[in-house]
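Everything below concerns the one structure shown next.
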Amino acid sequence: MRRNRWGSVWAVMLCVLLCGCSTGTDYSRQHTVALVAKSTQTEFWLSVFAGAEAAATEYNLKLTIIGPNTEEDFEAQNQMVADAVNEGAEAIVFSAIDYENNAAAIDAAAQNGVKIVAIDSNVDSEAVSTYIGTDNYAAGQMAAQAALERVKTPLRVGIVNYDISSANGQEREQGAADAFAASDRAEVVSVINTLAEASHAKMDTISLLTTHPEINVLLAFNEPTSVGAAQAVEQMGLSETVFLVGFDSNVATVDGLQEGSVDALIVQNPYAMGYLGVESAYKLLAGQAGGMERIVDTSTQIVDRNNLFDVDSQKALFAFDRR
């Protein structure tokens, strides 16, 4: 009996020692994560939020989601970052409106011990542990290539971009410009920067096409600018003469793809950005960051009228329920 008793004591002590040395995670602790987005309105961001919420549920995180009213208000984003820190966020998943002007707020959060994950649009801060999103330069090249492969005549290109300080938009523009420059039959006639809001993008695109009637190819680099550009092409009756390549999945642009005002869409994977962003925040907080990649490229693909109803295209366009 005495041997059995001491055997039981040693078994318990061994278990305690092993548990004390374990690198396992205490899943009962609920970490706090804030997602600070560029916007809370578009289909793109609603899909990001769906992915983020799925990861938060899976990893038992307290997740808050916030964003400014417009995709140009970097000052509101900076205040949201400061507020998140004051309210106890242990990690921030962040998409920068302004690559440079959002940096100080992110640096300040990191100095308070907050872990930083960037998604969609990066920020000029060494505090970012990982960036998760589209390879935006490659996506811009993809948009240009979609036009080069489908328009057989010389290309006279107009580009409808959003905030000039947003890193992902500028990277897409550079990728497209380089792809067109490598071609012997394309010329970028004009580039405009408009508000990331469909009605503004529509008015500015109408002005662009009126000033430059020679344009026969349009590229628009995010969801609101694509919706606005498509509305402009339709209103001006130019569906047959202007080839429009847009970005992202929206009911209006998908309808335009069927009706003719849109000719191709570069479809990103916002759900994955949200999910992987929050998952990465959890790993940083749980001490599981070993082997984490500095850059994670989420997928993009081209959808046009020829493959619109293919299974892979439908999954990309309508992959997840919105909030």
Side-chain angles (χ1 to χ4, degrees), residues 25-42 44-133 163 165-168 196 270 272-290 292-296 323:
T25 302
D26 180 5
Y27 290 96
S28 65
R29 181 185 175 189
Q30 189 177 49
H31 292 288
T32 301
V33 177
L35 193 166
V36 182
K38 281 185 171 183
S39 167
T40 59
Q41 302 301 316
T42 66
F44 177 92
W45 283 108
L46 294 178
S47 188
V48 170
F49 301 158
E53 289 173 337
T57 298
E58 181 173 346
Y59 291 103
N60 186 33
L61 299 171
K62 180 182 178 182
L63 176 68
T64 59
I65 295 174
I66 48 180
N69 293 327
T70 71
E71 291 197 22
E72 289 75 35
D73 195 351
F74 69 85
E75 292 176 333
Q77 268 197 321
N78 288 343
Q79 186 60 53
M80 289 173 180
V81 169
D83 291 344
V85 174
N86 292 333
E87 292 165 8
E90 299 169 81
I92 292 175
V93 180
F94 187 68
S95 178
I97 285 176
D98 193 304
Y99 180 73
E100 295 179 351
N101 285 320
N102 283 132
I106 291 299
D107 288 340
Q111 288 166 7
N112 279 279
V114 177
K115 304 296 185 183
I116 306 296
V117 176
I119 62 170
D120 175 55
S121 184
N122 213 340
V123 62
D124 187 17
S125 172
E126 292 298 321
V128 174
S129 296
T130 183
Y131 165 76
I132 298 164
D163 196 314
S165 299
S166 183
N168 54 357
M273 294 181 201
Y275 182 92
L276 295 175
V278 171
E279 180 184 59
S280 296
Y282 168 79
K283 289 180 178 180
L284 289 168
L285 295 171
Q288 298 178 8
M292 180 177 288
E293 297 181 11
R294 289 282 296 174
I295 298 176
V296 178
R323 297 196 329 158

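FYI, the numbering just counts along the sequence from 1.
- Across all non-hydrogen atoms, the minimal contact from Ile119 to Met273 is CG2-O, 3.6 Å.
- Scanning all heavy atoms of the two residues, the minimum distance from Thr40 to Gly67 falls at CG2-N, 3.7 Å.
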Assess the residue pair Met292 and Leu284 against the criterion (side-chain contact (heavy atoms from CB on, under 4.5 Å)); give the C-alpha distance rounded to whole Å, side-chain angles, the decisive distance to 0.1 Å, and a yes or no.
CA-CA 9 Å; Met292 180 177 288; Leu284 289 168; 4.0 Å; yes
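- Listed here is the closest heavy atom pair of Leu276 and Ile132: O-CD1, 3.4 Å.
- At a threshold of 4.5 Å between non-hydrogen side-chain atoms, the residues Ile295 and Glu293 do not count as touching.
- Formation of a donor-acceptor pair under 3.5 Å by the Gln77 side chain with backbone atoms of Asn102 is not found in this model.
- Under a 3.5 Å cut-off, the side chain of Asn122 and the backbone N or O of Gly133 do not form any donor-acceptor pair.
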Acceptor/donor pairs from residues 103-114 side chains to any protein atom, 3.5 angstrom cut, sequence neighbours excluded:
residue: Asp107; atom: OD1; partner: Ser125; partner atom: OG; Å: 2.5
residue: Asn112; atom: ND2; partner: Ala108; partner atom: O; Å: 2.9

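- Contact record, Thr32 with Leu285: O-CD1, 4.4 Å, taken as the closest heavy-atom pair.
- Pairs engaging residues 83-97 under the side-chain hydrogen bond (donor to acceptor under 3.5 Å, both in side chains) rule: Arg29-Glu90, His31-Glu90, Gln79-Asp83, Ser95-Asp120 [sequence neighbours left out].
- Note that the CG atom of Leu61 and the CD atom of Glu53 stand 12.0 Å from one another [nearest 0.5 Å].
- Lys38 and Ser166 get closest at one heavy-atom pair: NZ-OG, 2.7 Å.
- A heavy-atom distance below 4.5 Å is found between the side chains of Phe49 and Leu35.
- Atom OH of Tyr275 and atom OH of Tyr59 lie 4.0 Å apart (nearest 0.5 Å).
- A distance of 6.0 Å separates CG in Asn168 from OH in Tyr131, rounded to the nearest 0.5 Å.
- Here the side chain of Ser121 pairs no donor or acceptor atom with the backbone of Ile97 at under 3.5 angstrom.
- If you take CG on Leu46 and OG on Ser39, they are separated by 8.0 Å, rounding to the nearest 0.5 Å.
- Side-chain atoms of Glu72 come within 3.5 Å of backbone N or O of Ala196 as a donor-acceptor pair.
- The shortest non-hydrogen separation linking Thr42 to Glu71 is CG2-OE2, 4.3 Å.
- Between Ile92 and Val85 the shortest side-chain heavy-atom distance falls below 4.5 Å.
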